[in-house]
Every structure is written in C-alpha cells, then in structure tokens.
Undergrad: 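Got a structure for you, written out below as structure tokens; questions coming shortly.
All residue numbers in this chain count up from 1 along the given sequence.
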Amino acid sequence: MKTTIMFYVLICFMLITANPLLAQSAEEPDFRYDTGAKINEMSLTQGGTMVVATNDGLVGIKPGSNQLLFNFTEYGRVKPEELTFVPNAPYVIVFQGGFANLSSKKTVIDYMSGKTLFSTEANGWKDVITCDVMMPQNKLVVSGNRTSKEKYAAQVAVYDLNTGNEDYRFDIGEPGRVGIAKTYMVTGRPLLLNNSLVLPTSQGVFNMKAETGELLWQNKMKNMNVLVADASEKEIYAFESVNNGKNTRIHKLGIDGTELWKDDHKVKGQIVNFEILPNGIAVVSNQTDGGSDSVFARSNKSNISFLSATNGEDLWDKAPKTKGYVQHFYVMDDGILFGIYQGGINKISFEGETLFKKPLKTGENILTMAHTPQGLIYITSEDANIVNLQNGEQVWEKPLKYKRADAVSSTLDKKNNRYLISADENLYAVDATSGAVSTLAKSKFDGKENPSHVEIRDGGILLTSDQNMHLLDWDGNPQWQEYYRAPGKSAMGAILAGVTAVASMAAATAAAHSSMQNKLSGYDDDSERDAELAAGMAVAAGASINEMMKRFKATAATKNDQFILTKLDDGVGLVKINKDSGKKEKEIVLKDKKPEYIVDEIGGILYFKADKNSIFAYDLKN
C-alpha cells in the first residue's frame, strides 16, 4: 500500500515538473512589492511611478528593484479624494481634515524620487489653507496658520521643490495686534511673478516682494479666486466667483495694483477656458441651472465673450450662440474657432464678425478638430468632413456620414495620401486631395465588439478592440484576424485606469493655461504636441523634472504589441500579440478570476494586484 502511494506521488511530481505552468500559482513576476496593508487603489502617474493607496497610507513603486520607492504612513488611510496629482509635474499632494479643506494638514511627495518635500507638521504649520505648485518655477506656495510657537500667525511661504527648502516666509494681516483684528486668509491661487508674489486674500489683493515679504502694494479687491498675468507681467486679470459659483466677475489690474477697468465685467457661469491676447481676453464660461447636468438641458450651455483690454467691455455686440457646451476652443490669427458638443462649428473675428458664411452643421460629439493642408478636418460620432478655415465651406463634396457610432477612430495613411476612418463596422478611405470617399473594408468583430482603434503598420492597416485584432492590406483585403474571448464582464470591469491626474477647475485653468492649450494642432502632430509639452517642462530645472521629460519624449515600449485579457488553459491572464504578425509572443497567467491590473505601455510594465497586500510587476518588453 505504501509503495502504491509513493508511486502515485512520484507520478504527480513528474507531471508537475514536466509542465511548469501547473507548478505555478501564477506567472513568476519580475518584481514583487509588499505594501504592508490592504490595497485600495492603484494609480499610474504621468511620470510612470505607480502610486498605491492602502489602509496604512500611500506607497510608491518603480520597477528596478523589489523595494518600495516610498511608504507614506503619517496620515493613515488615504482616500482617493484626498490625493491631487499635479498635471505635468512629478508631485502628488496628500491632504486631510478640515471643513472644505480650509483647515487641514498637507504633504507634498515627489513621486519620481520618493522624497517628501513638504508637510504641515514638519514645516511648523498648525494648518494649511492653500497649497499650490507653481510651474515652470518649480515652487510651492503655502498659506495658513503657524504653530503656537509663532502665536498662530497667518503666514505665506514659498518652498523650492527641487530641495524642499524654504525660500522665504512672511506674515499676512496684522500680527501682534491687540483687540479685534480682521481675518486675513488667502482665498485663491496666488500669482508668482519674477520678483514678487501676488496674493488674493479676504482683505484685498496683496503684492509682496520676493525674499523679504515687503508689502509693495495692496488694494481692496476682496476674495478673488484666480490671478493670471499677461506675458509681460505688467497686467493682471483677476477672476471672482459670485452668486454661489453661478457667475464670475473679471477684473483687470496694473502692476501697481490699480484697477485698469472702471467696472469689472460679469459673465454668466463658471470660467472654463480663456486666452489673454494683446487686444483683450477671450473667455468661455459654462452655465447650468443647477438641476439636470445633462449637456442637452436647455439652460446648460457655454457663453463666449471677448473683453476689451482697454475697458473690459464686450467687443462683440452679439455673443455667438452656442446652444450647447463648447467642446473645442482655438485662437487663430484672425479670430476664434470653436466647436459645440451637441454639433456645430463656427469662427468669429476679434471684432465679433462671423467669418464663416453660416454656422457649420455637424454631428454630435466632435472628437477631432485639426489642421490639414486642405483645411480644417472634423470628425464626430456621426460624420466627418474638411472645411475651408476662411469661410467654412466644405471641401469634400459631401460629408462622410455614418450611424451614430460608439467607437470612431481615424488615422492618416501617408503612403496612400488618404484618411482612414473606422465607424459603424466600416473602414472608410477618404482621398486627402479630392475628398473622394470609398468603403475600404467591412470590419465585423467577434464578441459584439466594434473596432476602437485604427493604426498604420509597415505591412498594412490594423484594426483593434479589447479582444480583437485584424490586419488588412492596403486594398482592404484581410491578412489575418485574431480574437480572444473575454474572461467575463466581472473580470473586464476590474481593469484599472491608466493615468490619474486630478485638479480643481480653477487651479487647472490657471496652472495649465498656455498658448499651446488653445492652439489648433495639425492632424498628425502627436509628436509635435509631446515635444511642445516637454519643451514647456524644460523651463523648470531638477532631476525629477528631467526624468519625467524623458518619459514624455520616449517611444512606447509596447508600440508593436497589444495585450489582451482572456481565459488561458491555466486560468485568466494576458496574452501579448504582435501587431504585425498576429502571433502570440507571451502569456502571463494571473490566476485570478477578477484580476486588477494596469499596463504601462510607455514603460512596458504590467502591474497586477496579486493579493490584498501585494503587487507583482512583469516586464513586457521581453
């Protein structure tokens, strides 16, 4: 009997060792990370660091070793809403406590180096009211109340984010005053100029000299929310939210603090976009009735204004009718071009004259507006065309129309001088010169999917979706097609978002505002846009900035592969499929019916939540 049992054990051992997949609970990872606590959320940052929120705090992961980059536990559990990832900068701000975050503790972490650059407690603050990263200066401006050692003084400080060192700090208000004192509080995003710091406060706008904190001037404009200077730093526009945020007032100041407009200008709704120009400021605001948030509600719409640089009066006698939300907003040499989500494109001169003979009717949801040699190409969920940018007349004899599609994708086939548009289970080819439209191929996918991406490869045209890949030759004939069945809706729903970048509208509007923001790009200028973004960051100095810039400039490590979640012989996992041959090059068995994972396509890394406390990382480049 013992001999029989031993023989059975030996046979099982031989079977397992003969098939390594049977011997593994999951594919062996290249790196393993123990976060030390239950994982609640994983976020892949713009810089490529994985930031993980746990029951104990915040963890940073960068493949290269099995060690954590940082493990921030000072605040205990960190909720997703307590994190702010600063756009186009290597920082995450952690904040907790206080009503509406007006009295709270805050920490700023450089997620590229793993260093904590600022914290309320370590830097002598009782609480922090505002905490703003200033780019490209690479500075942090903090306001709040100091600890009891400094008699709870209301102060403002500037920190160098390369080192975390304090550059300077000064009092605001009336320190040491006996009796009833006014309350001084920073009410919005400060403005950091070359030689001074302009502060919007509850008692007016203050301009403090850098390094010393000497008061250069102050005025009585209370409770401003956002301050933005023109390129010369000689004029400042101030935005003030009124009527419980339903409307906005715009003021203009000189560099000495005097109000340059006799009266401020009120716009309906909240400011969502603007552009400062030599002859004025172009403004887009979104208006809502406070009830239905549907973009189709009649009272929910955008307003466009162009205010005179001299007196603030609206230079347009009649504001252009939007009848919906402005989805695209571009400043051109001769005027302003805009597209409406509900459909429609128009162009207005700076003097308020309509430059198009009539508003251009389009389908709903304008996915693309871009320059081409023939004119402005637009692609919506329902149609596409190229129009003359001077008068709005269509270049193609007839717009390409299709049923409202859940997935519309397009690309430029330079080799054959044509645009390829995938929609409504059809691949359309549009001659870039003549505008002649033809149906190049039908694109029937398995699993009730439609193509969501079209891409030019060396050997033809690749159509893809989550589970399907289909390569066509230049005439639309099929070369190969691959389909991998989804493991189930529950598993697919566990795929995590790739990049997280959270910022309030006011902060994002001020921080991200640049001439590039409202510039109409060329249709095939992705590399140009990335280069401009990297160039903008290059103004800032620092090791983490430089490392982040390299990622912006890098070619995706997985550009020749697609990764598909499916059910493998040994459980749910990912397959790596070559985009040119359709061949399976790698399997990663995750051994989880509902895997939670993120693929970093630029870095070529798969992050997988292996258990409640652990993350595995797989190198996808091999």
Undergrad: Please check if the side chain of S104 supplies one atom and the backbone of V128 the other of a donor-acceptor pair under 3.5 Å.
TA: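 Side chain of S104 to backbone of V128, a donor-acceptor pair under 3.5 Å: yes, one is there.
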
Undergrad: Without hydrogens or angle criteria, can the side chains of D160 and N138 be said to hold a donor-acceptor pair below 3.5 Å?
TA: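 Short answer, no.
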
Undergrad: Side chains of S544 and D110: any donor to acceptor distance under 3.5 Å?
TA: yes

Undergrad: List in chain and number order the residues that pass ring-ring contact (aromatic ring centres under 6.0 Å, His included) with Y75, two or more places apart in sequence or in another chain; answer none if no residue qualifies.
TA: F72

Undergrad: Mark yes or no for whether R146, through its side chain, and G124, through its backbone, hold a donor-acceptor pair below 3.5 Å.
TA: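 Yes, the answer is positive, given that a donor and an acceptor are paired below the 3.5 Å cut-off.
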
Undergrad: Apply side-chain contact (heavy atoms from CB on, under 4.5 Å) to the pair Y159 and Y168, showing each step before the final yes or no.
TA: CA-CA 7 Å; Y159 296 88; Y168 53 94; over 6 Å; no

Undergrad: Is it the case that the side chains of Q270 and N286 hold a donor-acceptor pair, with the cut-off being a distance below 3.5 Å and no angle test?
TA: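 Short answer, no.
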
Undergrad: Between the side chain of W316 and the main-chain N/O of E353, is any donor-acceptor distance below 3.5 Å?
TA: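 Looks like no, no N/O pair under 3.5 Å.
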
Undergrad: May I ask you to check whether T84 and Y91 show a side-chain donor-acceptor distance below 3.5 Å?
TA: no

Undergrad: Within the structure provided, determine whether I236 and V228 are in side-chain contact (heavy-atom separation under 4.5 Å).
TA: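 No; the side chains remain at least 4.5 Å from each other.
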
Undergrad: Between the side chains of E240 and N225, does any donor sit under 3.5 Å from an acceptor?
TA: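 E240 vs N225: no donor-acceptor pair found between side chains.
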
Undergrad: Do L337 and V331 come within less than 4.5 Å of each other through their side chains, counting heavy atoms only?
TA: no

Undergrad: Quick one: do E259 and N219 satisfy side chain to side chain donor-acceptor pair (under 3.5 Å)? Show the steps, please.
TA: CA-CA 9 Å; E259 293 194 50; N219 62 29; 5.9 Å; no

Undergrad: S196 and N207: side chain to side chain donor-acceptor pair (under 3.5 Å), yes or no, with the steps?
TA: CA-CA 7 Å; S196 67; N207 189 14; 2.9 Å; yes

Undergrad: Strictly by modelled atom types, are E393 and N388 linked by a side-chain donor-acceptor pair under 3.5 Å?
TA: no

Undergrad: Can you tell me how far the CE atom of M208 sits from the CD1 atom of I172, to the nearest 0.5 Å?
TA: 8.0 Å

Undergrad: Does N546 reach the main-chain N or O of K550 with its side chain, forming a donor-acceptor pair under 3.5 Å?
TA: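 No, because the side chain of N546 does not come within donor-acceptor range (under 3.5 Å) of the backbone of K550.
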
Undergrad: Could you check, using the six-membered ring where one of them is a Trp, whether F338 and Y330 have ring centers closer than 6.0 angstrom?
TA: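 Aromatic pair excluded; centres sit 6.0 Å or further apart.
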
Undergrad: Between K105 and D127, is the closest basic N to carboxylate O distance under 4.0 Å?
TA: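 A salt bridge is absent here (no side-chain N lies under 4.0 Å from a carboxylate O).
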
Undergrad: Counting N and O atoms only, with roles assigned by atom type, does the side chain of Q155 sit under 3.5 Å from a partner on the main chain of F170, one being a donor and the other an acceptor?
TA: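 No: the side chain of Q155 does not pair with the backbone of F170.
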
Undergrad: Are K106 and W125 side-chain neighbours, meaning at least one heavy-atom pair lies under 4.5 Å?
TA: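 In short, these two side chains do not touch, never coming nearer than 4.5 Å.
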
Undergrad: Please name the pair of heavy atoms, one in N346 and one in P359, separated by the smallest distance, quoted to 0.1 Å.
TA: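 Here N346 and P359 meet closest at ND2-CG, 3.6 Å.
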
Undergrad: Checking side-chain contact (heavy atoms from CB on, under 4.5 Å) for the pair I250/L307: CA distance, chi angles, key distance, verdict?
TA: CA-CA 9 Å; I250 303 176; L307 310 182; 3.8 Å; yes

Undergrad: Counting only N and O atoms by type, is there a donor-acceptor contact under 3.5 Å from the side chain of N243 to the main-chain atoms of K246?
TA: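 A pair under 3.5 Å: no.
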
Undergrad: First locate atom OH of Y378, then atom CG of L367, and finally report the distance between them rounded to the nearest 0.5 Å.
TA: 12.0 Å

Undergrad: Any side-chain donor-acceptor pair under 3.5 Å between N300 and T288?
TA: yes

Undergrad: Could you tell me whether the side chain of Q342 and the main chain of Y325 form a donor-acceptor pair under 3.5 Å?
TA: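 Answer holds: yes.
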
Undergrad: Could you state the interatomic distance from OG (S119) to CD1 (I109), rounded to the nearest 0.5 Å?
TA: 9.5 Å

Undergrad: Can you name the closest pair of heavy atoms from P90 and I545 and give their distance?
TA: CD-CD1, 3.5 Å

Undergrad: Taking the side chain as everything from C-beta on, heavy atoms only, tell me whether L58 gets closer than 4.5 Å to V94.
TA: yes

Undergrad: Answer yes or no: is there a side-chain heavy-atom contact under 4.5 Å between H265 and D314?
TA: yes

Undergrad: Ignoring hydrogens and angles, state whether a donor on the side chain of N365 or T380 is under 3.5 Å from an acceptor on the partner side chain.
TA: no

Undergrad: Are any side-chain N or O atoms of T201 and backbone N or O atoms of Y184, one a donor and one an acceptor, separated by less than 3.5 Å?
TA: no

Undergrad: Angle class for the F274/F239 ring planes (parallel below 30°, perpendicular above 60°, tilted otherwise)?
TA: tilted

Undergrad: Just by modelled atom types, is the Q374 backbone N or O under 3.5 Å from a matching donor or acceptor in the T372 side chain?
TA: yes

Undergrad: For a 4.5 angstrom cut-off between non-hydrogen side-chain atoms, does I345 reach I366?
TA: yes

Undergrad: Is there a side-chain contact (heavy atoms from CB on, under 4.5 Å) between I340 and Q327 once you walk through the steps?
TA: CA-CA 5 Å; I340 307 301; Q327 189 177 18; over 6 Å; no

Undergrad: May I ask you to test the F85-S43 pair for a side-chain heavy-atom distance under 4.5 Å?
TA: yes

Undergrad: For the atom pair CE (M221) and OG1 (T187), what is the distance rounded to the nearest 0.5 Å?
TA: 10.5 Å

Undergrad: Salt bridge or not between K252 and E235? Use side-chain N to carboxylate O under 4.0 Å.
TA: yes

Undergrad: Kindly assign one of parallel, tilted or perpendicular to the pair Y523 and Y419, based on the angle between their ring planes and the thresholds 30° and 60°.
TA: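 Rings of Y523 and Y419: perpendicular, as their planes differ by over 60°.
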
Undergrad: Hey, is the main chain of Q96 close enough, under 3.5 Å, to the side chain of E82 for a donor-acceptor pair?
TA: no

Undergrad: Any side-chain heavy-atom pair from V78 and L83 closer than 4.5 angstrom?
TA: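 A side-chain contact under 4.5 Å exists here.
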
Undergrad: Any idea which heavy atoms bring G269 and T248 closest together, and the distance?
TA: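 Heavy atoms of G269 and T248 come nearest at O-OG1, 2.9 Å.
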
Undergrad: Does atom CG (N244) have a neighbourhood of more than 12 heavy atoms from anything else shown, all under 6.0 Å?
TA: no

Undergrad: For S308 and L315, which heavy atoms make the closest approach, and how far apart are they?
TA: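 Nearest heavy atoms, S308 then L315: CB-CD2, 3.7 Å.
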
Undergrad: What distance do N123 atom CG and E166 atom CD have between them, rounded to the nearest 0.5 Å?
TA: 7.5 Å

Undergrad: Flag yes if more than 12 heavy atoms outside K139 fall under 6.0 Å of its NZ atom; otherwise flag no.
TA: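 Atom NZ in K139 is packed in, count exceeds 12.
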
Undergrad: Who passes salt bridge (charged side-chain N to carboxylate O under 4.0 Å, His left out) against D264, sequence neighbours left out?
TA: R249

Undergrad: Which value, rounded to the nearest 0.5 Å, describes the distance between I379 atom CD1 and S410 atom OG?
TA: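 One finds 3.0 Å between CD1 of I379 and OG of S410.
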
